Every structure is written in C-alpha cells, then in structure tokens.
Amino acid sequence: MNDPDRLEQPWRLWASVAILSVFAFSVLFGFVLMPVMQGRAAGIDAFEAICRALGITPGSPAARQPTTNAKAQPATRVAWSADLLNSLTKATAAGESLAGSCAGCHGRDGRAVEVKLYPDLAGQSAAAIYKQLHDFKTGSRPSALMTPMVQALTEEQMVAVSAHFAAFPVRPIPAAQLPAAGAAIEGLVARGDSGRGMPACNACHGDQSGGPTEAPRLSRQSREYLAAQLRAFKTGERRNDIYSRMRSVAAPLTESEIDGLALFYASTRTY
Amino acid sequence: MNRREASDEDLERVMREVPRGAFALAGLAVGALLAAWLLIYFLVFLPRGMVG
Amino acid sequence: MPISEEIIVRSELRWAAISVGVVSVIMIALIYAGLVHHINPPSNIERIDPKTLHLGGEFTEANLGTRVSGDGQVTSRIVATQFTFQPRCIVLPANRRVTLRFATPDVIHGILVSGTNVNTMIVPGYVSQVHTVFTRTGDLLMPCHEYCGLGHSEMSATVRVVPPDEFKPDAEGRVACDAR
Amino acid sequence: MTHARQLTFAHLWLAFLAFAVALVLGVWQMWARSPLPAPFVTASTYFSAVTAHGTAMAYVMPVFMIMGFGYYVAETALDRPLPAPRWAWSAFALGLAGALMATVTIFSGRAAVLFTFYPPLTASVFFYLGLVMVVAASWIWCVLMMVAMAQWKRANPGRPVPLAMFATVANAVMWLWTTIGVAAELLFQVIPAALGLKAQLDVGLSRTLFSWTLHAIVYFWLIPSYIAFYTMVPQAAGGRLYSDTMGRLTFILFLIYSLPVGLHHLLMDPQQSNAFKFLQVALTALVSVPTLLTVFTIGASLEIAGRLRGGRGLLGWIGALPWDRPLVLATGLAFLMLGFGGFGGLVNMSYGMNAMVHNTSWVTAHFHLIFGGTVVIMYFAIAYAIWPAVTGRAAPSLAAQRLQLWLWFAGMLVMTLPWHYLGLLGQWRRVATFNYADPIIAGWGPWVVVSLIGGVILLGSGLLFVLNLLQFNVSREPHAAAPGELYASAVHPPARVPAALNGFRLWNALVLVLMILAYGYPIAQFFVGDSPQALVHRVDERR
C-alpha cells in the first residue's frame with residue numbers, strides 16, 4: 001500500500017481519464033454534432049459545416065454566407081503599407097530637386113507664401129502630404145491647381161517630395177498674436193461632444209493620439225485655410241477622407257465652431 | 001478569544017455531524033447559483049433571439 | 001481518531017459529483033441553445049487585408065449599408081474606423097433573418113446592439129459576421145464597445161429596426177436611413 | 001525582523017500604495033462616466049487613468065502582494081530561512097524600477113492603451129519595458145519559491161510539503177505557464193512595434209496570445225486567498241481543515257484547468273473558430289469545480305469550528321463562528337462576493353450566451369466582484385493576520401478592521417449590482433463619457449450614480465485599510481504569538497502523500513498536453529497562409 005509507484009498509478013489514471021473524457025465530449029459536440037445538425041437545418045452539407053466550425057472555411061455552420069457582386073468605388077486609392085510608411089521617413093536628394101516646383105506657393109522651406117490660400121508643409125507628417133498628393137493625382141481630391149501639378153509625378157517622386165517637406169521645422173511663431181479660442185472650443189479639441197457623436201479633435205490630430213495614419217498635424221496652419229477645409233468636409237465638397245472620418249466629424253459643426261477650431265489650431269503650439 | 005487546541009473527544013464528537021451542515025450550505029449556494037443562471041438563460045437570453 | 005480519512009474523501013467526491021452535475025446542466029443548456037436556436041458565438045474566420053479594405057469589393061464606401069440581394073437575403077455592411085461607423089445608421093426589417101458584416105481598416109473595435117444578443121469584436125484582418133432576427137422595432141444603440149483610441153467614447157451608430165412592410169428596398173436593393 | 005519579514009513588509013506596502021492610487025483613479029473614472037460633471041476629464045486623461053488603474057490593480061498590486069506573502073509563507077510554513085534573500089531583494093528592486101517606469105510613462109500620457117494593450121495601438125516602449133521588469137521580478141520569485149520547496153523536501157524526505165507552501169509553489173508554477181502568452185505577445189510583437197522595428201503586426205495572433213494569460217492571471221491573483229481559506233481561516237475560526245488532500249487537489253486543478261481556457265475571453269472574436277471556443281468553454285466549466293470544492297471544504301472546516309464552539313443544528317454552527325475575527329469575517333464576505341461574481345462569470349463563459357453581456361458593465365461587475373471582492377478582501381485579511389508577526393506589534397483595534405471589511409463589502413455590492421443591471425441593458429465598457437441626452441442612455445443615469453456611491457464607499461474603505469496598517473506603528477503592545485500558529489492542521493494531518501500530491505511533475509506534463517490540444521491549432525492557424533497584418537498606430541507619436 002505504501003509503495004510509491006502503486007500510490008501514483010490511480011492519480012495518473014484518473015487525471016488522464018478525466019481530461020480525455022472532457023476532450024472527447026468537446027470534440028463530439030463542438031466539432032461534429034452541433035455543426036452537422038445546425039448545417040442540416042440551414043441546408044449546408046456535413047463536411048462544409050464541420051469545416052466552418054473549425055474555421056477552415058469562412059461562415060457559420062448555421063447560416064448561408066451572403067453573396068456580393070459589389071464593384072469597388074474607393075474614396076481614395078491610397079493604401080498604406082509598411083514599406084511605404086518606411087520610405088516616407090527618409091528625406092532624399094530626389095525630394096529636394098522636385099521641391100523646387102512647389103516652392104512658388106508652399107515656400108522653399110515648406111512655409112507657404114500666402115498662408116490664407118496654401119497650407120504650410122514644413123513639419124507636416126509625410127504620410128499626410130503623400131496622401132493628398134496621391135489624391136490630387138487620382139482625382140479623389142480634385143483641384144484645379146494641384147491636380148495638373150502632380151499629374152506627372154511618379155509614386156517614388158510623391159514619396160520623395162513628401163519626405164522632403166516633412167523634414168523642415170514647423171513655422172516658429174504666430175504671424176500675429178491671435179485671440180484665445182475659448183473654453184467651448186478647447187472642450188471640443190480635448191473631449192469632443194458625445195451628444196453629437198464627435199470625438200475629440202485630439203483623438204486623431206493630437207501629438208500622442210494613435211489615430212489614423214494619414215491624420216495631418218494642424219497647428220500653425222492659417223485660420224483661413226483650416227476653416228475652408230472644414231467647410232469643404234462639412235458640405236461634402238471634399239470627400240477624400242477614408243470612410244468619412246472627417247466628413248462625419250465636420251457635418252455637425254456650427255459655423256462659429258469651425259471658425260473657433262481654425263483659430264485654435266492656428267494659434268496653438270503643440271498639436 | 002479562546003484558541004486552545006480542541007481535544008480529540010471534542011473533534012470526534014463534532015465529526016459525527018460534519019459535513020452535514022457544509023453539504024446543506026454549499027448545496028443551497030450552488031442551487032441558488034444554478035437557479036439564477038437558468039433564470040437569466042430562460043428570461044433574458046433566449047427571448048433576445050438567435051445570433052450566430 | 002475521529003472518522004476515517006476515507007469517509008472524508010468520499011464525501012468530498014460526492015460533492016465533486018454534484019458540482020460536475022451542475023456544470024453539466026449548464027453545458028446541456030448551451031448545447032440546446034446551439035441545436036434548437038442555432039446560437040453560436042460569431043466565429044467567421046474570413047480574412048481580409050485591413051490595409052486595402054477601402055480599395056476593393058463590398059467594403060468600399062459606396063457599397064456600405066443595407067442591401068437586399070436577388071435571393072432575398074438582407075445583408076448590412078458596416079465599416080468601423082477611428083472614430084466612426086460608416087454608415088452611422090442602418091435600416092433593418094423586423095422578424096426576418098438579417099446578416100450584419102463588419103470590417104475595420106485600422107485597429108480593434110467591437111459592437112453590440114442594445115437589448116439584443118448582437119455582439120461581436122471587429123478585428124483588423126477579419127470580417128466579423130452576425131446573423132440574427134430583430135423582434136423589437138425602433139432605434140437601437142450600436143456603440144463601439146472596445147477601446148480603439150482616444151475617440152472611442154464618441155463612436156456610436158444607430159440600428160433602425162422597422163416593421164417588415166415599411167422596409168422598402170430601392171431598385172438596387174438598398175435601404176438607407178435618410179431615404180426613408 | 002528576519003529577511004523574509006522585511007521583504008514581506010516592503011512588498012506589501014508597495015502593493016498597497018499602488019492599490020491606493022488606483023482606487024482614487026477608479027472613483028474618478030466612475031465620476032466621469034456618470035451624469036454628474038467631473039473635473040479634469042479629457043479623452044487623454046481618462047484613458048491614461050484607466051491604463052494606470054488597470055496596470056496597478058492587475059499587475060503591480062497583486063504581483064507584489066503575492067511575492068511578499070510568498071516569502072512569508074516560505075519562511076513560516078517551512079520553518080526555515082528563505083534561500084538567497086539577496087535575489088529576493090534584487091527582484092524587489094527590479095519590480096519597483098519597472099513599476100515606476102510604467103507609472104511615469106502612463107502619467108506623461110504616452111501609454112493610453114489600457115492594461116490589456118490593444119495592439120495595433122502601441123504605447124511608448126517604456127510602458128511595456130516597465131511591465132516586463134515587474135513580470136521578470138515575479139519570475140525570480142517563482143524560482144525562489146521552487147528552490148525553497150526543493151530544499152525543504154531534501155531536508156525532509158518522504159514528508160508532505162505543508163499545504164500553504166505547496167499551494168504557493170503551485171501558484172508559482174502556474175504563473176510561469178501563464179506569463180508565456182503575454183511575454184510572447186510583448187517580446188515578439190508589441191515591443192518591436194513600439195521600438196519602430198515593425199510597422200505592422202498580426203492582431204489575431206496577439207489577441208490569442210494575450211488570452212493565454214488573461215484567465216490564468218485571475219487564478220494567480222486568487223490563489224493567495226485560497227491559501228488563506230485552506231490554511232489560515234480554519235485556524236482563525238478555531239477548527240481544523242476538513243481535508244488536506246482536497247486542498248492539494250484543488251490547487252492542482254487550478255494549475256491544470258486555469259490555463260487551457262483563455263479563449264472564453266475571445267468568444268466574440270472573428271479569428272477563432274466555434275469548435276475551439278466550445279472546447280475551451282467545456283474546460284472552463286471544469287474550472288468551476290475546484291472553486292465549488294473549496295466552498296464545500298472550507299464550509300466543512302468552518303462547520304468543525306462552529307460545532308466545536310457549541311453550534312448545533314443543520315446551519316446553527318454558522319452563527320457560532322467567531323465573526324469578530326477579521327479573517328473569519330473576511331472569509332464570509334469573500335464567499336458572498338464570490339457567489340455573485342461566480343454567477344456573473346458563469347454567464348460570461350456560456351458560449352453563445354456571452355453575446356448578451358460581452359464588453360458590457362456586466363463583465364466589469366463580474367471581475368470587480370472576483371478580484372476586488374474575493375481576492376482583495378482576503379488580501380486585507382491576510383495583511384491584518386500577518387502584520388503582528390511582520391511588525392512585532394499587536395493589532396490596535398479589531399473593530400476598525402471589521403468596519404473596514406464591512407465597508408468594502410457594502411461598497412462592492414452597491415457598485416457592482418447596478419453594473420450587472422446596466423450591462424444587461426447594454427451599457428458598454430471603456431468609455432469616458434456617455435451621451436445622457438440619448439433617451440435610452442438617460443434611463444441609466446440614476447443607476448450609474450448609485451454605483452458611483454459604491455465606489456466612494458470603496459475608496460473610504462481602502463483609505464481606512466491603509467490607516468489600520470499605519471496604526472500598528474503607533475501600537476505599543478508587543479505581539480506575542482509565534483507565526484506558526486497561523487496555519488491550521490487538518491482533521492487528518494497527512495503522514496505521507498503520493499508524489500503526485502507533493503510535487504508538480506505529473507501536472508506540468510498534463511498542462512503541456514492540454515495546452516497543445518486547446519491552443520495548438522488556434523495559434524498555429526496564424527502561421528498558415530497569409531495571415532493579415534495591421535498597421536501599428538502609435539499612441540506616443542512625436543512629430
């Protein structure tokens with residue numbers, strides 16, 4: 001009785017029996033019986049039902065898969081990839097030589113010559129610049145000015161010019177001392193408005209947001225340019241934002257909020 | 001606060017009863033648990049309909 | 001010595017048998033729900049590349065929302081993205097089998113529809129699919145219930161369940177909230 | 001003080017400090033979610049606070065509590081000095097440095113990814129490195145616990161390891177298995193992404209790896225409470241442990257069944273299949289067995305105590321128990337909360353039924369009752385029970401300790417019962433604010449306020465707990481009893497036990513088999529074909 005080996009045997013036996021029986025039960029019901037019987041009711045053959053239960057083929061064993069003949073109608077043709085994002089981090093000589101043709105409006109160092117009309121590119125995220133160039137070119141964001149400009153650019157050239165301007169420092173000081181935007185606007189920036197389903201602007205455009213890849217930085221752009229873009233999103237005139245991320249936010253904004261937000265970002269240092 | 005060791009006779013005496021009370025208590029608790037689960041299952045879960 | 005160890009172990013085993021019985025009742029109830037009501041967790045292992053989701057097929061912007069296909073299947077396609085649903089409102093008929101299909105181009109999201117068993121995670125790389133039948137009509141909440149970034153709290157949509165006779169697809173089989 | 005006593009003192013204070021901070025943040029978060037206007041709320045502050053609350057409560061507090069308590073048990077239950085105290089202090093320093101690093105990163109707003117990480121969101125790498133350091137510290141502790149038991153067995157051949165130590169080592173072994181999942185996720189996916197070495201990662205895989213950890217971690221937190229139930233509570237109540245064998249078996253069952261069940265956290269996920277979800281749900285159902293065994297065994301042990309104190313009748317022994325003793329009172333309250341929390345958990349794990357409650361306040365209520373209820377109230381009681389031996393002074397006021405425990409119980413129920421109801425109505429988790437203007441959400445408002453009141457009671461109780469421990473410093477009465485008196489003997493103290501109940505070799509083999517069966521294919525599927533990758537979204541981006 002006190003022989004250790006004999007004391008061990010029942011433990012090993014019962015532990016293994018218990019575990020194997022639970023496993024057998026699960027396989028019988030979860031892998032076979034439930035999917036097969038669900039499949040039979042839904043008109044799916046037993047083999048397919050088991051494949052679906054195991055995740056080898058998509059779909060539920062209990063329902064038909066919906067079909068689609070949808071045609072692609074993308075809002076933008078930009079698709080991010082790890083390689084593309086990586087190449088956008090590298091400023092090259094090619095970018096510098098191409099940038100000459102942009103300097104007439106956006107400045108040699110990425111600071112726009114007429115801020116009310118053209119955005120600053122200095123310090124902008126390279127992904128944001130690239131996305132807009134690409135959209136101008138494909139017509140996702142039609143522009144009488146920009147679409148012809150970028151038509152000749154290749155993929156590599158758009159990457160190079162984006163990386164080039166992104167490397168410049170942001171405009172250092174405001175052009176003129178601007179009034180404060182007020183607490184309500186700052187609330188929209190930091191908290192959003194759950195009543196209107198509006199996330200905080202910071203959720204995408206903040207410095208540490210974890211938001212969409214192509215979200216641009218907004219600080220130091222001119223009030224006029226920012227307000228014009230917000231209005232374009234609000235009216236749907238501009239619609240190259242992926243899955244209406246900006247249109248859905250801009251739509252419920254009031255006119256005075258648009259001006260206030262534009263003022264906020266024009267006069268802020270941090271975002 | 002008397003923490004003296006129980007004598008063997010005391011222990012033997014109570015062990016004639018134990019675990020009747022524990023059976024009753026644990027049984028009530030687990031019965032209530034199962035009843036509550038079944039209530040949620042029949043009154044909330046199934047009426048909310050199929051998903052899959 | 002008080003009663004023997006064997007008696008103690010035997011009463012413990014009897015209790016263990018009762019415990020196994022209790023959880024067996026639960027397992028049987030779950031199998032019943034599976035066999036009779038066809039209730040499964042949503043487990044549609046259907047891969048889709050999140051990086052090109054918006055470029056092709058059923059999840060491009062113009063194809064989202066509710067659509068009735070030629071064979072009468074009602075399917076609603078919804079994209080969850082930082083920090084909105086597209087579309088933000090979908091129309092579905094009551095008392096009829098419907099299928100919801102979700103995908104995301106960016107991070108993890110999730111949805112539930114308040115007061116129903118509709119619930120799924122939305123994981124980048126997969127199409128999440130829920131088949132259900134709505135029984136109550138009215139506007140139901142469909143919030144994002146999984147942390148997806150700083151705008152998560154404001155990410156919400158509406159499921160508008162209408163009586164079957166008010167569910168009127170257009171020529172292409174579409175039904176949208178604002179068209180009603 | 002011996003080395004082990006000093007270690008216990010340092011570890012527990014660190015644990016309770018993190019706990020107090022997390023408690024304040026928790027109440028503020030409930031306030032933010034309520035219809036009442038709360039200060040400082042922005043998206044960034046809220047989610048940073050949630051990250052800090054979860055990190056402190058799930059990682060820092062329990063890891064240090066368990067380490068500190070383990071050192072105490074190793075010294076007192078084995079009755080020999082702790083091996084390699086220098087290693088133990090190094091582990092403490094490592095864990096402290098890691099906890100501080102993570103804390104600073106969170107509060108600088110660069111880690112708003114919550115304690116469950118949610119890749120492809122990635123925080124600053126210092127957040128993850130800090131947590132890795134905390135976990136690495138606990139690994140050193142695991143090895144020390146196993147060494148202590150091995151040394152004792154060598155010195156006492158053929159004798160059964162004392163139950164408290166056996167259970168502590170069971171927890172150490174389980175924790176080593178448990179952390180494999182999250183360690184793999186962090187080291188191979190998230191940290192390379194945070195460092196910028198990877199621009200994309202497989203989210204399905206990362207969720208599956210995290211689920212490996214996510215259930216067993218709860219048992220890691222829970223086992224010290226069970227150690228108290230089996231070894232300290234029968235003694236405090238003046239009885240005997242009903243069955244030493246069942247105690248061992250329970251801890252073994254936790255070791256083998258708490259691991260291959262993590263997919264029940266992914267029941268609503270699209271990247272795992274019905275079949276494997278069902279398999280793990282069946283295994284999850286079995287995890288309730290050791291818990292139900294404990295309810296019975298501890299019930300019987302307390303029945304012995306109650307009858308020895310003159311209790312009669314089928315249930316009359318309950319009233320005869322010494323409820324004035326904090327450890328006994330805490331046990332009663334812990335079992336009540338375990339009942340509520342276990343009920344919620346049974347609903348959660350119920351396969352398709354999970355759809356009814358997934359990611360609603362129901363789940364929050366469930367794990368607050370299990371962790372905040374059963375686990376933490378026993379941590380309080382353990383601290384009260386060992387503090388006299390650790391500090392060498394007698395408790396100044398048992399009444400204050402009882403009040404604190406009652407407040408904790410009341411607060412927990414007031415907080416979590418409305419959460420269950422709101423969860424069924426569809427109130428979802430992890431949001432900073434609700435739109436109370438919505439007609440459906442407006443009805444939730446009063447219940448949210450009730451739960452906030454519960455949170456305030458919990459905060460009061462937590463602060464009273466810290467105060468009660470500080471009271472030992474002003475107490476002048478020296479503590480007399482030897483620490484060995486903490487542990488109960490069994491009705492039949494085991495003379496010898498089979499090796500299966502005195503070590504973990506057989507059970508480790510079974511865990512391996514079960515993990516291969518339960519997690520083998522669910523993980524392998526991500527290495528078959530073209531598993532989709534998602535782009536990293538950096539929360540600490542500097543432009």
Side-chain angles (χ1 to χ4, degrees), chain A residues 25 29-30 33-35 37-38 41-42 52-82 191-194 196-204 206 208-213 215 239 242-245 247-249, chain C residues 27 30-31 34-35 37-40 42-47 49 51-64 67 69-71 73-75 77 79-88 97 99 101 104-107 126-127 129-131 148-157:
Chain A
F25 163 84
F29 280 91
L33 274 180
M34 285 213 334
M37 290 181 67
Q38 287 178 346
R52 287 185 179 192
L54 284 169
I56 294 167
T57 52
S60 161
R64 284 183 300 158
Q65 274 295 82
T67 53
T68 177
N69 51 6
K71 301 276 183 300
Q73 295 164 290
T76 175
R77 290 174 199 285
V78 174
W80 300 115
S81 70
R191 281 193 298 278
D193 181 355
S194 58
R196 289 180 286 173
M198 287 165 52
C201 306
N202 268 354
C204 297
Q208 304 168 4
S209 73
T213 308
R239 44 193 316 118
I242 297 175
Y243 294 124
S244 77
R245 284 167 177 154
R247 278 166 287 164
S248 69
V249 176
Chain C
M27 288 308 293
L30 298 180
I31 291 169
L35 289 180
H37 298 275
H38 298 168
I39 297 177
N40 291 320
S43 317
N44 177 50
I45 306 189
E46 184 177 344
R47 289 175 175 180
D49 186 0
K51 298 185 286 296
T52 55
L53 184 73
H54 61 287
L55 293 186
E58 56 180 321
F59 285 105
T60 58
E61 197 177 314
N63 296 329
L64 300 175
R67 191 176 270 211
S69 62
D71 57 358
Q73 282 198 80
V74 182
T75 307
R77 295 178 175 85
V79 164
T81 181
Q82 288 176 321
F83 297 98
T84 189
F85 289 100
Q86 176 70 10
R88 293 178 93 170
R97 174 72 75 98
T99 302
R101 280 167 72 78
T104 175
D106 42 46
V107 298
Y126 298 86
V127 177
Q129 185 166 271
V130 182
H131 308 279
C148 56
L150 295 181
H152 166 58
S153 310
E154 287 77 27
M155 186 172 163
S156 191

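Remember, predicted model here, so these are calculated numbers, not experimental data. The figures that follow rest on heavy atoms only: side chains count, while hydrogens, waters and symmetry mates do not.
Neither the backbone nor the side chain of C:Tyr126 comes within contact range of chain A; no heavy atom of the residue lies under 4.5 Å from a heavy atom of that chain. Heavy atoms of C:Met155 lying under 4.5 Å from chain A are absent altogether. C:Pro105 touches chain A through its side chain: at least one heavy atom from C-beta onward sits under 4.5 Å away, while N, CA, C and O do not. Both the backbone and the side chain of C:Leu53 come within less than 4.5 Å of a heavy atom of chain A. Both the backbone and the side chain of C:Glu61 come within less than 4.5 Å of a heavy atom in chain A. Contacts between C:His131 and chain A at a heavy-atom distance below 4.5 Å involve the side chain alone, from C-beta outward. For C:Thr84, the part sitting under 4.5 Å from any heavy atom of chain A is the side chain, from C-beta outward, and nothing else. Heavy-atom distances place no part of C:Arg47 under 4.5 Å from chain A, backbone and side chain included. With a 4.5 Å cut-off on non-hydrogen atoms, A:Ala63 touches chain C through its backbone and its side chain both.
No donor-acceptor pair under 3.5 Å is formed between the side chain of C:Asn63 and the backbone N or O of A:Ala70.
In this structure, CD1 in C:Ile45 is found 12.5 Å from CD in C:Gln129, a value given to the nearest 0.5 Å. If you take CD on C:Glu58 and OG1 on A:Thr68, they are separated by 5.0 Å, rounding to the nearest 0.5 Å. Going from atom CZ of A:Phe29 over to atom CE of A:Met34 covers 9.0 Å, rounded to the nearest 0.5 Å. Here the OG1-CG distance, from A:Thr213 to C:Asp106, works out to 8.0 Å after rounding to the nearest 0.5 Å. We find the OG1-CZ distance between A:Thr76 and A:Arg239 to be 13.0 Å, quoted to the nearest 0.5 Å.
In terms of non-hydrogen atom pairs under 4.5 Å with chain A, the most contact-rich of C:Leu55, C:Thr81, C:Thr75 is C:Leu55. When the candidates C:Val107, C:Thr99, C:Val127, C:Leu35 are compared by the number of heavy-atom contacts under 4.5 Å with chain A, C:Leu35 comes out ahead. Your options are C:Lys51, C:His54, C:Arg88, and the one with the most heavy-atom pairs under 4.5 Å with chain A is C:His54. Of the residues considered (A:Ser194, A:Ser248, A:Gly192, A:Ala62), A:Ser248 shows the highest number of contacts with chain C, using heavy-atom pairs under 4.5 Å. For chain A, the option among C:Gly149, C:Ser69, C:Gly56, C:Gly57 with the highest count of heavy-atom pairs below 4.5 Å is C:Gly57. Most heavy-atom pairs under 4.5 Å with chain A, from the set C:Arg101, C:Glu46, C:Gln73: that is C:Gln73. Comparing A:Arg64, A:Met37, A:Arg191 by heavy-atom pairs within less than 4.5 Å of chain C, the highest count is held by A:Arg64.
Under the rule for a side-chain hydrogen bond (donor to acceptor under 3.5 Å, both in side chains), C:Glu154 has no partner lying at least two apart in sequence or in another chain. In this view, C:Arg67 satisfies the side-chain hydrogen bond (donor to acceptor under 3.5 Å, both in side chains) rule with no residue, not counting sequence neighbours.
Proximity of A:Arg245 to A:Pro212: side-chain heavy atoms (C-beta onward) are separated by under 4.5 Å at one or more points. Looking at A:Pro61 and C:Asn40, their side chains come closer than 4.5 Å, going by heavy atoms from C-beta outward.
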